[in-house]
Amino acid sequence: MFASCADPKSLEGLTWLLCYLTSGKHLDFYWSFLTVLLLLAITAPVALAMGFGGAMAARSAFLPLRLIGKGYTSMVRGVPDIVFFLFFVIALDQAIEWSVHQIRCPDWTEPIRNGLEFRVCPQAKVPLSSSAQIWHQAYGFALAIFTFAIVFGAFAANVLYGAMNAVPRPQLETGEAYGMSQGQVFRRILLPQMWVYALPGLSNLWMILIKATPLLFLLGVKDIVYWARELGGSKTQAYEYPHPDWRLWYFLGLLVFYLLFTRLSELVLGRIGARLSRGQATAAGEAMRKAGA
Amino acid sequence: MTRIALATAIVALTSGLAAAQDVVRLGTEGAYPPFNLINDQGEVAGYERDVGDELCKRAELTCEWVTNDWDSIIPNLQSGNYDVIIAGMSITDERKEVIDFSQEYYPAVPSVYVAASADADIKGGVVAAQTSTIQSAHVAESGATLLEFATPDETVAAVRNGEAVAVFADRDFLAPIVAESNGALIMVGEPVSIGGGVGLGLRKSDAELKGKLDAAITSMKEDGTLNTLIEKHFGPEGVKF
Amino acid sequence: MSCWQTIQDYGLRSIGIGVNLLPKSDFTLCQQFTLIGSGLIWNVYFGALALALGFVFATSLALAKSARAPLIRKPAEWFIFIFRGSPLFIQFFLAYEALQMLPRAGITLFGLTIETSWTTRAWAGALFVLFLNTAAYAAEIFHGALRSIPKGDLEAADAYGISGWQKFRRIEWPTMLRLAWPAYTNEAIFLFHATTLVFFSSFPAFQQRGDALYYANYFADKTFNPFVPYPIVAFYFICLTLLLTFGFGLVNRYLNRHLPSNQKSRIRLRPQLIR
């Protein structure tokens, strides 16, 4: 990065450290923090949408849909997320390519599964093997986000399902008494009120999501854990900046990052909760009213 | 004049197309110096980077580098996330059952034990090795107590901190570490020959690509380029063809 | 080789009983089920022991966090914050790095030599981290439950002249447990799920004795097919979860036995406790 860093082996002390910390690899490391934040920013709404769908399905009057919804929500209860991550990405990748294959290459005669090999026609590769590296990375990232969103969508579905059931029944009955249809009751009464009940659960979910991000490396994304391991491991003279095993320091850095991040989230979510509770007919809202009076 | 210009443009276009279809993705681990490593610019480097780039030039392929965990390097080849494994992978019968190998681009190298003291008990003591390597299988059968780590780096760290009495790995991986340890680590026991040479891993259905790469390796062996690269990355002790 | 023979050979392989070498070729479904099931012993060991030890520690932590004296309260608050605020994966890693810094030869204290080499083994080190981790999470649950003990119960105790240890033992503690139990059930379930992380922690596998994920990974590596062993792990964990839910449900019924049936708290999944 700096001109003085051209020959790292001749450097010493602070200049060496400065050059070391600004090497291309370290810049990748710093970027990976943004990767993690980006993943959180995208996964959270996607997971929320999936959770909403799951909760709606679980409440559905139509039995098969209800079973799907319930099955989805109870999935997280049974299977550890790590186990799920270990094979789901490859399965998802193959499923996507298989579907594209069916559309684009209907005349393909060779078998797709040949022993353990999975081979679709070249036009069905996602992304096409001729596309730029950036698309391959984007695709891998999208797969990771989708996998995360499925797992955490199931958690969100649980929370939202509970919140929907927590809205006092008389509120809904009042709507029905006014002659609203089921859909109208849902949109006008249930939906606006459920968020207060869902917020504590969703706050927790956000915390869970933050703490699950070190597992990204299992999904093949070069996240902060990947780089911390890679940078911290001892380096021989084959590298420009040889050093002994420094993984402890890198991981301590990650620990501080996570502690600060969860603490900050706690503070922000606490404020949102206070804001939402104002004027609500809940215990928290009542407490605020009393405190003010 | 315009006709010629147009003709060149068409040639350029078609060759561009041909090149675009021939993008070959090379998968490596990026954590096994001097075979492959991520250098301080964050790019794949090492012996295999040089070999791979040269092979692609000779076979007239456009190549891209991808890194993948050692654990899932073969499943990802098979589901088509890359086309070639170039990750210091020894040719073994087990692996041959599921993937194809090119001819060797690095000769069979003995594996060695490295310990903190000369009297380390490598036959019955605790020996560290990387999970799912031919070395870990060898240690499990040797009667020594196998201690498995996910990365090669951790296996060496285990010997340094006394967790294991010795580490068992490729000589080429351990040699520079021993050389730079100021006598803290030494090679003990006899070198053991296990596994074949190192080859490129390919899907069984990619015979055409395998042919091209085999031919390129042969040409590199014949004109001595491969030996030059071995000398560059492994020093004078590196085994040559 | 019959499946029964395989079970005899490998059923207890993860704790070092049975055939020394793992299968090397011709992998059968039976082998995969047996070995992965054998690895599950370790997951159960980690989960059960961490939970049992953590329960005791969590109770004291919850009390410490409720204490008035800052000297007692602050350390408890910090402990809980650090373990709940950071990913378990990173805690594992740091613990391993810290434990291996202990002198290998042992620490000599008052002429006694304390062995330290066992601390970096997964059975001790990983268990220790899981224990601290679950203690922090459970302490937060218990702390919340302590704060929601009905005021009337405490006043009634005062009226009867019950105080101090007696009050805690007979009024506060049982009520705390009853209120916390549904949330604690979830903590237990997710603690068992978290034991799969031990495989990805830095703690090395010793003599090819590992947890369920270790063997699943072994098979995925040897057969080059991840679609069989990992779903087997998932299957085992679903069974384990059902068993846990059942067991904790029994305790819940016991804790609520004095209440009229319409007031009993039911156990519902509240996934706030995954790491």
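Every chain is numbered from 1 and lettered A, B, ... according to where its sequence line falls, protein lines coming before strand lines.
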**Q** So which part of F29(A) gets closer than 4.5 Å to some heavy atom of chain B, the side chain, the backbone, both or neither?
**A** neither
**Q** Given that the side chain runs from C-beta out, which part of N39(B) has a heavy atom under 4.5 Å from chain A: side chain, backbone, both or neither?
**A** backbone
**Q** Once you measure the plane-to-plane angle for W16(A) and Y20(A), does it fall in the parallel (<30°), tilted (30-60°) or perpendicular (>60°) bin?
**A** parallel
**Q** I'd like to verify something: which residue of D245(A), I90(A), L231(A) has the highest number of heavy-atom pairs under 4.5 Å with chain B?
**A** I90(A)
**Q** According to the interplanar angle, ranging from 0 to 90°, do the rings of Y32(B) and F173(B) count as parallel (below 30°), tilted (30 to 60°) or perpendicular (above 60°)?
**A** parallel
**Q** So which residue, K222(A), E230(A), Q137(A), ends up with the most heavy-atom pairs under 4.5 Å with chain B?
**A** E230(A)
**Q** Is it true that F155(A) and F152(A) have ring centroids separated by less than 6.0 Å?
**A** yes
**Q** To the nearest 0.5 angstrom, please state how far the CG atom of L37(B) sits from the OG1 atom of T67(B).
**A** 12.0 Å
**Q** Chain B heavy atoms under 4.5 Å from E97(A): which part of the residue, side chain, backbone, both or neither?
**A** side chain
**Q** Nearest 0.5 Å please: distance from the NZ atom of K210(B) over to the CZ atom of F101(B).
**A** 11.0 Å
